[in-house]
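Worksheet: one structure, shown below.
Both ligands and their constituent atoms are indexed starting at 1 by order of listing.
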Amino acid sequence: MRMPLIAGNWKMNGSLALVDTFGRAFADASLPEKVEVALMVPFPYLGAATQALKDGGVAVGAQTLNDHLSGAFTGEVSGAMLTDLSVRYVLVGHSERRSLFGEDDAAVVARVKAALVSGLAPLLCLGETLEEHDAERTEAVVLGQLGAVLDALEPAERGCLVIAYEPVWAIGTGRTASPAQAQAVHAAIRDCLRRYDNALAEGMRLLYGGSMKAGNAAELLAQPDIDGGLVGGASLQVDDFLAICQSAG
Ligand code: PGA
């Protein structure tokens, strides 16, 4: 059985006070036992978040990392620095990194490898733009992004990934993929994984992201190939985020 994962992505939002609020709320909350929760916070809050969220059993993740292990890369953060802070996950290939920071498939592969070398679990994001969606190229785009990474990894490394399907047109727009639409893409991703290895496909967690909120999470999470959510906007409101975590149980 795949353990559902609900991962919050604060993006460039939040504060130390919000870290504290989440720490208290999760320490007091009784969440379903079989749900894993993670929170991807901005770099400056990682240390505080790992401390504040420890009692609530929430894993902490970063939102990106540099593909080099160390060196003269002013302003950048390495995977080893993240594991030093007890960070467990790192987003790679989020559509905002791809579109705003020019990260192509090669850059995504390099970051996935750097994450694995450092002992982090990469949460690999895939998704098509509205234009690609309207041109019915969703599967081609998503499976192309996925194949670029899988082909570059050793079989044992592939099993360390978590995958998130996030249609770009649904991110921060309030326009969610319907449960059936999302399920169809998730099933296509799992079929693609089966071509590499059956056990890999059965064990891989596939999260849905794109305007997931308390009101639509249960329906999305009920789909057979949706194993959790990557939650942006709704992860900034502790009650909304807790409600989504509850609905994954
Ligand atoms: P959203 O963001 O939930 O605000 O649509 C999701 C994401 O970008 O990970």
Side-chain angles (χ1 to χ4, degrees), residues 4-15 18 22 35-43 45-46 49 58-65 87-103 108 111-112 115 120-130 132-133 138 141-142 145-146 149 161-179 181-183 185-186 189 205-221 223 226-248:
L5 170 63
I6 302 295
N9 173 15
W10 278 8
K11 311 192 180 192
M12 201 174 74
N13 298 297
S15 61
L18 195 63
F22 272 66
V35 176
E36 188 185 352
V37 180
L39 205 56
M40 287 29 183
V41 302
F43 286 142
Y45 303 138
L46 287 170
V58 177
V60 172
Q63 299 172 10
T64 185
L65 79 170
V87 168
R88 190 174 317 157
Y89 290 102
V90 62
L91 295 178
V92 181
H94 189 279
S95 70
E96 286 148 23
R97 300 298 312 177
R98 291 180 193 260
S99 68
L100 303 174
F101 300 96
E103 292 181 15
V108 171
R111 281 164 177 73
V112 166
L120 295 160
L123 207 168
L124 171 67
C125 304
L126 315 169
E128 84 287 6
T129 62
L130 181 60
E132 291 162 342
H133 176 77
T138 298
V141 170
V142 169
Q145 292 170 341
L146 177 61
V149 173
L161 297 174
V162 178
I163 292 173
Y165 167 57
E166 298 201 301
V168 178
W169 47 270
I171 295 179
T173 58
R175 187 180 159 194
T176 318
S178 70
Q181 253 175 341
Q183 164 58 24
V185 181
H186 281 235
I189 293 172
R205 289 184 292 180
L206 308 181
L207 316 187
Y208 168 80
S211 299
M212 185 183 267
K213 25 187 184 291
N216 62 24
E219 242 193 330
L220 287 158
L221 295 169
Q223 302 302 309
I226 300 184
D227 309 311
L230 180 55
V231 184
S235 73
L236 289 162
Q237 306 293 333
V238 73
D239 292 341
D240 290 353
F241 190 57
L242 274 169
I244 295 172
C245 296
Q246 297 286 4
S247 61

- Query: Given that the side chain starts at C-beta and the backbone is N, CA, C, O, which of these parts of I171 lies under 4.0 Å from ligand 1, counting heavy atoms, or is it both or neither?
  - Reply: both
- In L230, L221, L39, the residue satisfying side-chain contact (heavy atoms from CB on, under 4.5 Å) with I6 is L221
- Checking F241, F22, F43 against W10 for ring pair (Phe, Tyr, Trp, His ring centres under 6.0 Å), the one that qualifies is F22
- When only distance counts, is H94 in polar contact with ligand 1, meaning an N/O pair under 3.5 Å? yes
- Item | Sub-4.0 Å atoms of ligand 1 with respect to non-hydrogen atoms of S211 | 1 (P), 3 (O), 5 (O)
- Message: Quick check against the 3.5 Å criterion: does N216 have a side-chain atom that pairs as donor or acceptor with the backbone of S211?
- Response: yes
- Query: Quick check: does G232 get an N/O under 3.5 Å from an N/O on ligand 1?
  - Reply: yes
- Query: So, does G174 sit close enough to ligand 1 that a heavy atom of it is under 4.0 Å from the ligand?
  - Reply: no
- Query: Out of V142, V149, L206, which one pairs with L126 under the side-chain contact (heavy atoms from CB on, under 4.5 Å) rule?
  - Reply: V142
- Query: Looking at V41 and V60, what are the two nearest heavy atoms and their distance?
  - Reply: CG2-CG1, 4.4 Å
- Does some side-chain heavy atom of L5 sit less than 4.5 Å from a side-chain heavy atom of Y89? yes
- Item | Greater than 12 external heavy atoms within 6.0 Å of Q181's CD | yes
- Message: What protein heavy atom lies closest to atom 7 (C) of ligand 1? Include the residue and the distance to one decimal.
- Response: E166 OE2, 3.1 Å
- Message: Counting only nitrogen or oxygen atoms and a 3.5 angstrom limit, does G172 reach ligand 1?
- Response: yes
- Item | Identified side-chain contact (heavy atoms from CB on, under 4.5 Å) partner of C125 from the options L91, V92, V162, L207 | L91
- Between A170 and ligand 1, which part of the residue brings a heavy atom under 4.0 Å of the ligand: side chain, backbone, both or neither? backbone
- Message: Check contact between G210 and ligand 1, using heavy atoms of the residue and a distance below 4.0 angstrom.
- Response: yes
- Message: Contact between ligand 1 and K11 is defined here as a heavy atom of the residue under 4.0 Å from a ligand atom; is it met?
- Response: yes
- Taking atom 4 (O) of ligand 1 as the reference point, the nearest protein heavy atom with its distance: G233 N, 2.8 Å
- Query: Does A234 reach ligand 1, in the sense of a heavy atom lying below 4.0 Å from it?
  - Reply: no
